[in-house]
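This report concerns only the one structure given below.
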Amino acid sequence: MCCGRRMTGGMGENMYLTDEEQGVLDGQRGEPQRLALRVLVKLGEACGAERMVEIASAHLVASSYQIAGEAGIEIYSQLVAQGARVRVRTTSDPGSIDFARWREFKTPEQYAARQVKIAALLDQMGVIPTWTCTPYTTFNVPRFGDHLGWSESSAVVFVNSVIGARTNRLAAYVDLCAALTGRVPCFGLHLSENRRGEILFELTPDLAANFADHYFPALGYLVGQTVGDKVPVIVGLPGATFDQLKAFGAASAASGSVALYHMVGITPEARSLEEACGGRVPAERIVVGQREIAGIMEQMGAAADGPVDVVGIGCPHASIDQMRRYAALLDGKQVHSDTQLWVCTNVVVEEMARKMGYVAIIERAGAKLMVGTCHNDCPLGAWGFRRLVTDSGKFAYYTPTTVGTQCVFASTEACIQAAIAGKVERS
Ligand code: F3S
């Protein structure tokens, strides 16, 4: 229930704003908040929001120099000079460098310096320097029903779907406006009526009974490509781990614009099909069997073989369970001298994995940790990579454009095998 008042004329004329919000617009809290709320009200009016909603936290994608660019540095510098501070817990997405190892990744010095500059500006605004696309595992863990102001498509789809928090896919800078004001306009996925499943994906019993780990990103890729920004509902899966849900969501958010999915019996707003669809009949029903999964994997380049320049795993950023798995697969092995194996993760998982001995095994095998960034965010032109192998649906979708490589999708085991052999071998 809104306790504000309808503004008559001027900014916010179509939205209810509280006295406090009106005060912010009048400049009572300084220029950064005034400007940020003004942007959010404009967005809200354009999207039919009736009011603002307070958020529990924010997550920023324009922490990366690749995304923020020089314009970002200029905007952040101005905001800092005006005393801007975030009003809610706010975390940073991966940056465009590994802060500790950028030289190893052949990042130009000047480029690294610009990312360091952004980091310093975000520090001054009170942003927690998590540099990860999986902030929901550590410092920014939403609760069911929390309203949020997040960007980063893979994180947005995870917190909406797996946790049951509520956020739209915010654009770069709009996320910062949310952080500075502690509010977002209330439309889209903040409203229950927009969270109902719209398109049903029904797995055939034989596929469900033999659902391999790498089918999660493949199914996510297929679902995203099919539904665009609609809300898909998946029925038939007997279960899914945290990392499988993460991989599914990231792929669906990349090949489509999925920001929320339901898996019946698995995700919290889908204890039944009826609950997932809010009592409505889905607009479409799509049956997915072995043939459809094989077809989408072929589209993701899974049928290719031959030499490999770089193998990318840990997208979204690897969890400690994934690090354990990588270490087990690499123990006593050696990455091929013509191939790079890069493991993307965040600094918290890195530290834990180091304590647990996984980092030593991974590095002894010749693989590199890529911490606080990833293949998609770093400038990798100096490497001249032509072919990348990955177990990530999101990398499979983006790296042909961002890194300019041909992409081969494979299971985690096959990725590591390709790194050791220096090539993909198909039986
Ligand atoms: Fe994260 Fe980079 Fe993948 S930001 S989701 S590791 S493309």
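Whatever order the structure lists them in is the order used to number ligands and atoms, beginning at 1.
Inside a sphere of radius 2.8 Å centred on atom 2 (Fe) of ligand 1, the protein N/O/S atoms present are Cys374 SG.
Among residues two or more places apart in sequence or in another chain, the ring pair (Phe, Tyr, Trp, His ring centres under 6.0 Å) test is passed with Phe139 by none. Residues satisfying the ring pair (Phe, Tyr, Trp, His ring centres under 6.0 Å) criterion with His147, sequence neighbours excluded, are His190. Here Glu198 pairs with nothing under the salt bridge (Lys or Arg N to Asp or Glu O under 4.0 Å) rule; sequence neighbours left out.
Of the listed residues (Arg29, Arg183, Arg38), just one forms a salt bridge (charged side-chain N to carboxylate O under 4.0 Å, His left out) with Glu21, and that residue is Arg183. Just one residue in the list Thr137, Asn346, Asn140 forms a side-chain hydrogen bond (donor to acceptor under 3.5 Å, both in side chains) with Thr132, and that residue is Asn346.
At a cut-off of 3.5 Å, with distance as the only test, a side-chain donor of Tyr358 or Arg324 sits close to an acceptor on the other residue.
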